[in-house]
Amino acid sequence: MATPQPPTRGALIVIEGLDRAGKSTQCSRLQQRIPNSRIIKFPDRSTPIGQLINNYLTSASSPPLTDQAIHLLFSANRWELLPSLLAALSAGETLILDRYIYSGISFSVAKGALSYEYCRSPDVGLPLPDGIIFLDLPPDVAAERAGFGGERYEKREMQEKVREVFKTVREREQGEWTVVDASASVEEVTERVWAATEKALRWARENELREIE
Ligand code: DGP
């Protein structure tokens with residue numbers, strides 16, 4: 001009788017980009033195509049830590065949190081979900097993350113007061129994605145999309161800075177990066193995102209999950 005095999009692990013796929021780049025749409029489309037998959041959105045505003053983050057983003061915290069405090073809360077929000085992420089991956093579920101540590105570094109560095117090394121350090125030890133897809137969109141195009149402008153960071157100048165820092169992040173951070181021009185049609189973006197995802201799914205079938213160093 002054949003010995004039952006443990007399930008192969010799920011893949012960890014990250015979609016990153018500026019605000020209004022189309023991340024949520026692409027995450028849903030991926031989720032529809034990948035059997036046994038789930039979207040995890042960061043920040044997860046439903047937890048107590050996530051509620052503090054939500055208050056900050058909607059300018060409801062008074063006095064406002066310092067740059068250091070909010071930076072560490074964003075990271076803590078990822079760490080608090082880690083046990084459930086690892087359990088899902090080892091049960092064979094593929095996770096599609098809508099933002100991850102790369103937003104964490106880019107938004108905080110873009111504010112100007114915190115160094116790159118400081119910003120990346122709290123996330124060291126979290127799982128390294130099998131593929132990171134960056135939806136690239138000039139901030140002036142993003143600004144024309146519906147819904148732009150409501151929250152703290154959704155200002156054109158800030159988004160320009162974030163886009164610049166993301167370039168450094170893509171050069172410095174390990175992992176398989178794919179940049180997709182998000183100003184193309186939704187269908188074209190979907191196909192490019194899918195091509196990168198297929199590679200990540202293959203990688204995950206053949207390789208152990210690693211940690212961010
Ligand atoms: P979203 O819920 O995806 O609209 O993200 C909320 C805002 O917070 C958005 O402007 C991007 C920013 N953001 C997301 N993750 C982080 C993070 O880890 N650190 C910082 N400083 N900002 C983040």
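The figures here come from the full heavy-atom set of this structure, side chains too, leaving out hydrogens, waters and symmetry mates. Predicted, not measured: the structure shown is a model, and the values here were computed from it. In each ligand, atom 1 is the first atom listed, and ligand 1 is the first ligand listed.
- Taking atom 12 (C) of ligand 1 as the reference point, the nearest protein heavy-atom neighbour is Y153 CD1, 3.6 Å.
- Side-chain polar atoms of E151 and T58 form no donor-acceptor pair below 3.5 angstrom.
- Looking at atom 9 (C) of ligand 1, its nearest protein heavy atom turns out to be D19 OD1, 3.1 Å.
- Considering backbone and side-chain atoms alike, Q159 places every N or O at 3.5 Å or more from each N or O of ligand 1.
- Remark: E191 does not engage R29 in a salt bridge, criterion side-chain N to carboxylate O under 4.0 Å.
- The pair R170-D136 fails the salt-bridge criterion, with no side-chain N (NZ, NE, NH1 or NH2) lying under 4.0 Å from an Asp/Glu carboxylate O.
- The aromatic rings of Y102 and W177 sit perpendicular, their planes meeting at an angle over 60°, well past the 30° parallel limit.
- A salt bridge links E157 to K161: one of the charged nitrogens lies within less than 4.0 Å of a carboxylate oxygen.
- For the pair K167 and E171, the salt-bridge criterion is not met [side-chain N within less than 4.0 Å of a carboxylate O].
- Contact atoms of ligand 1 toward L57: 6 (C), 7 (C), 8 (O) (distance under 4.0 Å to a heavy atom of the residue).
- For atom 21 (N) of ligand 1, the nearest protein heavy atom (residue, atom name, distance) is S108 OG, 3.1 Å.
- Every atom of ligand 1 with a heavy atom of G104 under 4.0 Å away is listed here by number and element: 17 (C), 18 (O), 19 (N).
- Counting heavy atoms of neighbouring residues, nucleotides and ligands inside a 6.0 Å radius, atom CD of E213 does not exceed 12 of them.
- Note: an N/O pair closer than 3.5 Å links K41 and ligand 1 by distance alone.
- Taking each of R45, R152, E151 in turn, the one with a heavy atom nearest to atom 2 (O) of ligand 1 proves to be R45.
- Among R99, E154, K155, the residue whose heavy atom sits closest to atom 14 (C) of ligand 1 is R99.
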